[in-house]
Enquirer: 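So that we are looking at the same thing, I have put the structure below in structure tokens.
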Amino acid sequence: MPTYALVDANNFYATCEKIFDPSLVDVPLVVLSNNDGCIVARSAEAKILGIPMAAPMHQWKGFCAKHGVAIKSSNYTLYGDMSARMLAILQKLCPEVESYSIDESFLKLDGFSDVTAMGHEIRQTLQQHIKVTCGVGIGPSKTLAKFANHIAKKHPEYGGVFSVQGVTEAVFEKLMASYSAGEVWGVGRQLSKRLAADGIETVLDLSRCDAKAIHQRYGVVLAKTVRELRGEACISFEDIAAPKQQIISSRSFATCLIDFQSIRAAVSHHLSRAAEKLRAQNSVCSHVYVMINTNRFREQDPQYRQTILTPLPHPSADTSVLMKAAMAGLRKGFVAGFRYHKCGVILGEIGQADGQQTDLFATVDDPKRLRLMGLMDSINKHQGAGTLHVASTQLSDAWHMRANNRSPRYTTCWNEFPVAYA
DNA sequence: TCTGGGGTCCTAGGACCC
DNA sequence: TCTGGGGTCCTAGGACCC
């Protein structure tokens with residue numbers, strides 16, 4: 001039977017902020033989404049105050065001021081770099097690591113004799129090297145490792161490490177009975193509602209369901225979850241990150257926009273970013289989607305949302321080829337008279353650049369243009385994003401996002417390094 | 001005034017073909 | 001007058017995740 005561990009950093013974004021700013025120690029802290037819109041991370045102190053996840057910031061402004069809650073805009077440059085350090089440490093400790101998200105990794109612990117001891121070693125090393133506290137959950141399937149991680153965080157008596165195999169069946173069943181089915185990885189709001197209506201309330205209830213019956217009624221995904229909860233590993237382990245099948249760049253605007261010109265600048269910016277990501281994984285794409293939306297929360301406004309697909313004449317990674325398609329899509333989808341709130345670009349039908357079919361009639365990207373793109377990417381990488389850009393992104397900056405409280409990029413920017421005074 | 005962004009996978013249903 | 005049905009492919013949309 002395989003053994004998986006899930007290592008998950010506690011309050012990751014909030015922790016990253018606290019590591020570099022001593023004035024934030026013991027202070028309740030929230031980190032905001034792009035545009036300073038929602039609360040996406042809370043420090044332990046902020047959780048104790050009862051600030052919920054994903055709450056709109058404007059509803060909590062007064063509360064935060066009253067309780068001395070520190071507020072930070074998100075600083076993905078910093079979190080991304082800390083995440084890479086965390087991953088590097090895990091890879092030193094264990095040969096098989098799957099990076100699952102910015103603050104979580106699955107590890108395969110087959111062959112380790114004492115997996116709980118290994119869990120504690122991982123925890124201590126991360127704490128010592130980068131001051132990140134994490135929880136470790138261990139189990140015979142990914143779903144159980146996830147659930148074990150949840151227990152590790154909720155029950156301090158386990159010291160941050162919980163292994164399903166480390167307790168008796170009776171103890172584990174009692175734990176499963178004490179959590180609602182919605183806590184399980186893969187069971188979201190809609191499913192838990194339907195499950196509850198069928199009398200399946202707790203994790204234990206779900207684990208005891210007949211997988212075939214679940215498949216019929218709820219689909220193949222939940223049937224897998226049920227089997228995973230019983231210790232049967234159905235979700236595979238992926239050490240090597242697969243190239244993305246879809247690349248998205250989108251963002252809401254700081255204020256509503258009504259003019260084509262501003263939105264065109266924003267779409268142009270997103271297209272450039274997405275194309276850069278596409279080239280970074282050495283891919284080409286065949287579909288360019290442009291989406292534009294009004295603000296769905298403003299019910300008094302007329303609503304409009306549109307996603308327009310424009311196929312490319314040939315698979316490409318050339319910004320100018322993609323841009324032409326995106327602009328054609330935008331012209332098709334843009335309707336004057338609405339108050340637009342968000343736009344974005346999705347690249348689809350992605351394939352490997354060097355595996356392209358080159359039969360007699362197929363066209364491919366111009367190699368000269370591709371060298372130019374490579375040069376542009378390299379300059380932007382070393383001199384800062386957006387140093388070189390296509391002209392249309394500059395036609396308007398009305399769409400630029402808010403980030404009023406961003407911390408310095410302590411670990412990746414020479415002039416933003418933390419300074420220590422002796 | 002102000003409500004995230006970036007992904008994956010599955011499924012239902014339409015289009016098309018014979 | 002009676003006007004098929006089954007298979008396959010594709011896409012949009014929905015569910016989930018962090």
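Throughout, protein chains are lettered first and strands after them, A, B, ... in sequence-line order, and every chain is numbered starting at 1.
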Enquirer: Checking A/Trp185 against A/Tyr4 for the ring pair (Phe, Tyr, Trp, His ring centres under 6.0 Å) test, could you report, in this order, the C-alpha distance in whole Å, the side-chain angles of both residues, the deciding distance, and whether it holds?
Expert: CA-CA 15 Å; A/Trp185 188 41; A/Tyr4 300 94; over 10 Å; no

Enquirer: Distance check needed: C/dG14 C1' versus A/Leu222 CG, whole Å only.
Expert: 15 Å

Enquirer: Do the charged groups of A/Asp198 and A/Arg194 touch, with an N to O distance under 4.0 Å?
Expert: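 Salt bridge flag = no for A/Arg194 with A/Asp198.
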
Enquirer: Please, which pairs that meet side-chain hydrogen bond (donor to acceptor under 3.5 Å, both in side chains) have at least one residue in residues 87-98 of chain A, sequence neighbours excluded?
Expert: A/Glu98-A/Lys142

Enquirer: What pairs with A/Asp318 under salt bridge (charged side-chain N to carboxylate O under 4.0 Å, His left out), at least two apart in sequence or on another chain?
Expert: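 Partners of A/Asp318 under the salt bridge (charged side-chain N to carboxylate O under 4.0 Å, His left out) test: A/Arg369.
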
Enquirer: Just the rounded figure in Å: distance from P of C/dG14 to CZ of A/Arg194.
Expert: 15 Å

Enquirer: Working to the nearest 0.5 Å, report the span between CZ of A/Arg264 and CG of A/Leu257.
Expert: 14.0 Å

Enquirer: Tell me whether the side-chain N/O atoms of A/Lys146 come closer than 4.0 Å to OP1 or OP2 in C/dC18.
Expert: yes

Enquirer: Taking the P atom in each of B/dT3 and C/dC18, what is the distance between them to the nearest angstrom?
Expert: 24 Å

Enquirer: Give me the ring orientation class for A/Tyr13 and A/Tyr79: parallel if the planes are under 30° apart, tilted from 30 to 60°, perpendicular past 60°.
Expert: parallel

Enquirer: Given atom CG of A/Asn10 and atom P of C/dC18, what is their separation to the nearest angstrom?
Expert: 14 Å

Enquirer: Which residue pairs satisfy the side-chain hydrogen bond (donor to acceptor under 3.5 Å, both in side chains) criterion with at least one member in residues 54-68 of chain A, sequence neighbours excluded?
Expert: none

Enquirer: Using a 4.0 Å heavy-atom cut-off, write out nucleotides 1-13 of chain B from 5' to 3' as B (base contacted by protein), S (sugar-phosphate only) or - (no contact).
Expert: -BBSSSSBSSS--

Enquirer: Quick test of your reading of the model: are A/Lys381 and A/Glu276 salt-bridged, counting only N-O distances below 4.0 Å?
Expert: no

Enquirer: I'd like to know whether A/Tyr179 forms a ring pair (Phe, Tyr, Trp, His ring centres under 6.0 Å) with A/His150, so could you lay out the CA-CA distance, the side-chain angles of the two residues, the decisive distance to 0.1 Å, and finally the verdict.
Expert: CA-CA 10 Å; A/Tyr179 287 97; A/His150 194 71; 5.2 Å; yes

Enquirer: Could you summarise the pairing of DNA chain C as dot-bracket text, marking Watson-Crick and G-U pairs under 3.5 Å with ( ) or [ ] inside the strand and | across strands?
Expert: ....||||||||||||||

Enquirer: Do A/Lys18 and A/Glu45 sit within salt-bridge range, that is, some charged N less than 4.0 Å from a carboxylate O?
Expert: yes

Enquirer: Among residues 184-192 of chain A, which contact DNA chain B at a heavy-atom distance under 4.0 Å?
Expert: none

Enquirer: Within this structure, what is the CG-CD1 distance for the pair A/Leu309 and A/Ile346, rounded to the nearest 0.5 Å?
Expert: 10.0 Å

